[in-house]
Each structure stands twice: as C-alpha cells, then as structure tokens.
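One structure is given here, and the rest of the page talks about it.
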There are 2 protein chains.
Amino acid sequence: MEAPAYQRIKTWLLSRIEAGEWREGDRIPSEPELARRFKVARMTVNRAVRELAAAHLLVRAPGSGTFVAPPRHEATLVEIRSIADEIRERGGSHSADVRRLGEVRAEKALAAELGVAEGEPLFLSVLLHRADGLPAQLEERWVLPAAAPGYLGQDFTHGTPSEYLMRVAPLARVVYRIEARLPAEATREALALGPGEPCLLLHRCTFSGGRAASVANLWYPGSRYRLTGHL
Amino acid sequence: MEAPAYQRIKTWLLSRIEAGEWREGDRIPSEPELARRFKVARMTVNRAVRELAAAHLLVRAPGSGTFVAPPRHEATLVEIRSIADEIRERGGSHSADVRRLGEVRAEKALAAELGVAEGEPLFLSVLLHRADGLPAQLEERWVLPAAAPGYLGQDFTHGTPSEYLMRVAPLARVVYRIEARLPAEATREALALGPGEPCLLLHRCTFSGGRAASVANLWYPGSRYRLTGHL
DNA sequence: GAGTGGTCTAGACCACAAT
DNA sequence: TTGTGGTCTAGACCACTCC
C-alpha cells in the first residue's frame, strides 16, 4: 500500500525544490546523508537522485555533489503525433487521397538536405489527409529510393507513408522546424483555405542509419489546426 | 575506458531491436537470463532494462516478462526556449521595449482560462523583444495578481517577465498550443510585418501550485522565426 | 509451483573534487 | 586526505502471472 522508498525520496526532494527551500545551484544532501535520514541503503537513494537527474531537475557533479538544476523552465515540449493517430484519437475518421506518387529529380535545396547530388532521382508522394472528410493536412514527402525501394508500390490510402517508413527504415533521428506560411495556390486549394489564410508548416527530415532518408512538408490549415501539448 | 556493464547491456538490447531480430511485442530474455549471459548481478540487468522501459523502447509486465514496445508513434518533440536565451545563443543581442504594463479586467475567455471570475483584475504586460534591434517576438502576458503581487513594479527591460515569474511562482505545469495566425493590425506594426504576412502564435498557460498563474501570447514573425528541434 | 519483474540491502571498489 | 557520485555484487522478500 505504501509507496516504494525511492519514490518517497523523490517526492520529498521535489517538494523541497518546489517549496523554494533549495534554489537553483544549491547543493542538496549527499547520498550517504539521505540514506541516513531515510534509513535506507545508499543504492535506494541513488536511484531516486539518479532519476531526478535524468529528468533534468538535478545536476550531479561526481566528486563534488548534487545540485538543483537551472530552471530549464521556458523549455517546453510539444509532441507531434501521427496525423492518423491524432484524428482517430479525437474520435474522427481518417482518410487520405493520394494526389501524387512517382519519381522526381532532386532540386538543389532538397538535394543538400538529403545529402545527395542535384538531379538524383527521389520518390515523391503527395497526400491529402482528411478528418471526417475535411482536409486536415497536406503531406509532401520526398524519399531516398535506397532507404525504401518499395515505396512507390504502396497503397497509402491504408497506412500512411510515415508508418510505412517506420517499418522499413527504423528512424534514428529527426530534425524539424515549424513555420507560419502563406501556402502556394495549389496547397491553398487542396486544404480549402480562404485567400490570405495562413498555414502551419511542419518541415521534417528523418535520418536512418546515419543518413537522411526522407524529407516531408506537412501543411496544416492554420485556422483549423493547432499543435498542442503540456509539460 | 570500457563502458559500464548496464550500458553495454542497453546497447546490446537496442542493437537487437534495431536489427529487427526482435519485433514489436516479442518477449526479450528475462533478467536472470541476461544476468547469466553477461555474467553480472541481476540488479545490473535490471537497471539496463528499466531505463529502456522508461524510454518506451520496452514494456515490462510484472509476472509475465519484458516485451518490445510498439513503435513509438510518430512522436516528435519540439523544444521552445526562452526568447532571450535563444537570441543570445545565436550570438545576437537581446533587448526589449515595455509597451504596456498595468492592470486590466479579465475578459470572458481569459477569465475562463485562468479560472477566475469575469471582470477580475489582472496584470497585463506587453513587451516587444528584439534581436539586434529587429522585432523578434511580441509578448502579451496576463498574470494573476495573487501569483505575483510585485509584477507591476518590475523592470522588464532587464530580465523577462517569464524569468521573473519563474522566480516568484515556480511553475508546475504548462499547457500550450501553436497556431498560424494573421496578426491584428497593432501586432503587425509592432513586428514590422508586411501586409498578409502570417505569424506563429505560441499560446501558453502556466500553472503554479495547481492553479493557473499566467497566460501568454507569444507572436513571432512567421517569415523570420521558426521553432526548431530534433529527436 | 515455477518464473517474472519490483524493490531493497549492506557491503564494496573506483575516479574524481575539494582541501 | 576526505567526501562525493558511479557502479557493481550476491543475496533477499514480495506480488504477480502462467501453467
């Protein structure tokens, strides 16, 4: 019924920090001290403190002590989920039109981002994702053929491109940016946007095995879509 | 020189998963099995497996075993940093104009979000943050007087409102959303935007001690600012 | 009942900081 | 030299699941 000792110690440490009793940079009691105070083995204290350090609430300095971490406050995390998941989670039904699926030659910026020569062949897919029939996201995706040779043979009305890529090329790293943009005319029409209506653009480059594998532009109607999260 | 045992075990487990040797839902060897294989104590194996489970790469089921976790959604994390930090980190110099600092009455939506009655007094600050003199962010912030009684007496040209709030009201939780918006005329002028140019709007509500403490609208010029990150 | 993970102990040796 | 954290051991007891 009672919480584990390491959990009680975590809670106690957290409450001290939240109460402002220890401020940024302050040293907290050492492991042996805490072990005595809570009458537990040092390994138990170690687990509590190590987990708080992993969560960036404490900073450990071998040989000198454990300190309250600088408030990384202003650091906020946004979670961006698969569009299909997100729509279904809200009780909507997800569908997708494949508007384009074929091969193109890499333009300069794209080639640089993917680390290939200009003019190299790339697979391109353009999908319009819908939530209950309403346009929710336009997905433009360029894929390195070497990373997913079977890409063009997929049926992306069932299973999104990113779900397919996750299977065939387990991703190691993602780099992305979020921008507010006025969409091109074709994008505006696809998303059924009014004139002058802005888009959220999520641009994402995924890496697999140390090499870039795919680049995507995800266009969201600014008026009907938000990226949300909490910390 | 050699990596710790728990780290070697983590790496080994990860490589098995990445190699596709174990797929989603597969059971991995038990702790005693791994301990024998690596000739270490079970506690050492436990740490390795526990850390991978905390990272959602494995799922543990007490009594039955440890399994490869379902492929992590399409989850991506965006880190949003303090504007002043971010500017300085890029080698720019941060400055801020205080455009407004005073008391207002809570309007309906705001009151609901902060959990107070409509018409309740709130502190309001409006700051224009600049990077090397160029407008980089317009910050509108509403603060519950109870959460930061000394708010109106601060000099926000040195030290941002959020830095001050972190000190006096250590935050417990943040809820936010990111939108693409066309700015109001006053915002457009403050950020020196062209007509029709969209903004990234980061809307954030912070909680301290279980109660809402402050709400902020952070307006970024869409053409000159991006939220970026990696995973 | 046998096997699993969850937790904990009471020691230990080490590299490293401060002094 | 003393104190710190980093790691590891070889046991232990428990609650739980599966057979």
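Chain naming here is simple, since letters A, B, ... match the order of the sequence lines and numbering starts at 1 in each. Quick note: numbers below take in every heavy atom, side chains included, and nothing from hydrogens, waters or symmetry partners.
Evaluation of the ring-ring contact (aromatic ring centres under 6.0 Å, His included) rule for A/Trp22 yields A/Trp12 as partners, not counting sequence neighbours. The ring-ring contact (aromatic ring centres under 6.0 Å, His included) check on A/His94 picks up A/His129, with sequence neighbours excluded. Residues forming a side-chain hydrogen bond (donor to acceptor under 3.5 Å, both in side chains) with A/Arg8 (at least two apart in sequence, or on another chain): none. Looking at residues two or more places apart in sequence or on another chain, you find no ring-ring contact (aromatic ring centres under 6.0 Å, His included) involving A/Tyr6. Listed by chain and residue number, B/Arg130 satisfy the salt bridge (Lys or Arg N to Asp or Glu O under 4.0 Å) test with B/Asp97 (two or more places apart in sequence, or in another chain). Here B/Arg37 pairs with nothing under the salt bridge (Lys or Arg N to Asp or Glu O under 4.0 Å) rule; sequence neighbours left out. Evaluation of the salt bridge (Lys or Arg N to Asp or Glu O under 4.0 Å) rule for A/Glu21 yields A/Arg16 as partners, not counting sequence neighbours.
Nearest approach of B/Val68 to B/Arg23, heavy atoms of both residues: CB-O, 3.4 Å. When all heavy atoms of A/Tyr220 and A/Ala136 are compared, the pair lying nearest together is CD2-O, 3.7 Å.
The closest side-chain donor-acceptor pair between A/His203 and A/Glu140, if any, does not fall under 3.5 angstrom. A donor-acceptor contact closer than 3.5 angstrom links the side chains of A/Asn46 and A/Arg50.
Contacts of residues 58-68 of chain B with DNA chain D (heavy atom under 4.0 Å): B/Pro62, B/Gly63, B/Ser64. At a non-hydrogen distance threshold of 4.0 Å, nothing from residues 5-15 of chain A comes into contact with DNA chain D. Remark: B/Arg42, B/Met43, B/Asn46 in residues 37-46 of chain B come within less than 4.0 Å of DNA chain C through at least one heavy atom.
Ion pairing of A/Glu139 with A/Arg204 is absent here, as no side-chain N (NZ or NE/NH1/NH2) approaches a carboxylate O to less than 4.0 Å.
Between the P atom of D/dG6 and the CD atom of A/Glu31 lies a distance of 7 Å, rounded to the nearest Å. Taking atom CZ of residue A/Arg47 and atom P of nucleotide C/dA10, one finds them 18 Å apart after rounding to whole Å. As rounded to whole Å, 10 Å separates atom P of C/dC8 from atom CZ of B/Arg50. Taking atom CG on A/Leu34 and atom P on D/dG6, their separation rounds to 13 Å, with Å as the unit.
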Tell me which donor-acceptor pairs under 3.5 Å the side chains of residues 58-67 of chain A have, and how far apart each pair is, sequence neighbours excluded?
from, atom 1, to, atom 2, distance (Å)
A/Arg60, NE, A/Thr66, OG1, 3.1
A/Arg60, NH1, A/Glu31, OE2, 2.9
A/Arg60, NH2, A/Glu31, OE2, 2.7
A/Arg60, NH2, A/Thr66, OG1, 3.2
A/Ser64, OG, A/Ala61, O, 3.4

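Sequence order on DNA chain C of the closest nucleotides to A/Pro4 and B/Ile28 puts B/Ile28 first from the 5' end.
Listed by first residue number, the stems of DNA chain D with at least three Watson-Crick or G-U pairs below 3.5 Å are C:1-16 with D:3-18.
OP1 or OP2 of D/dT4 has at least one side-chain nitrogen or oxygen of A/Ser30 nearer than 4.0 Å.
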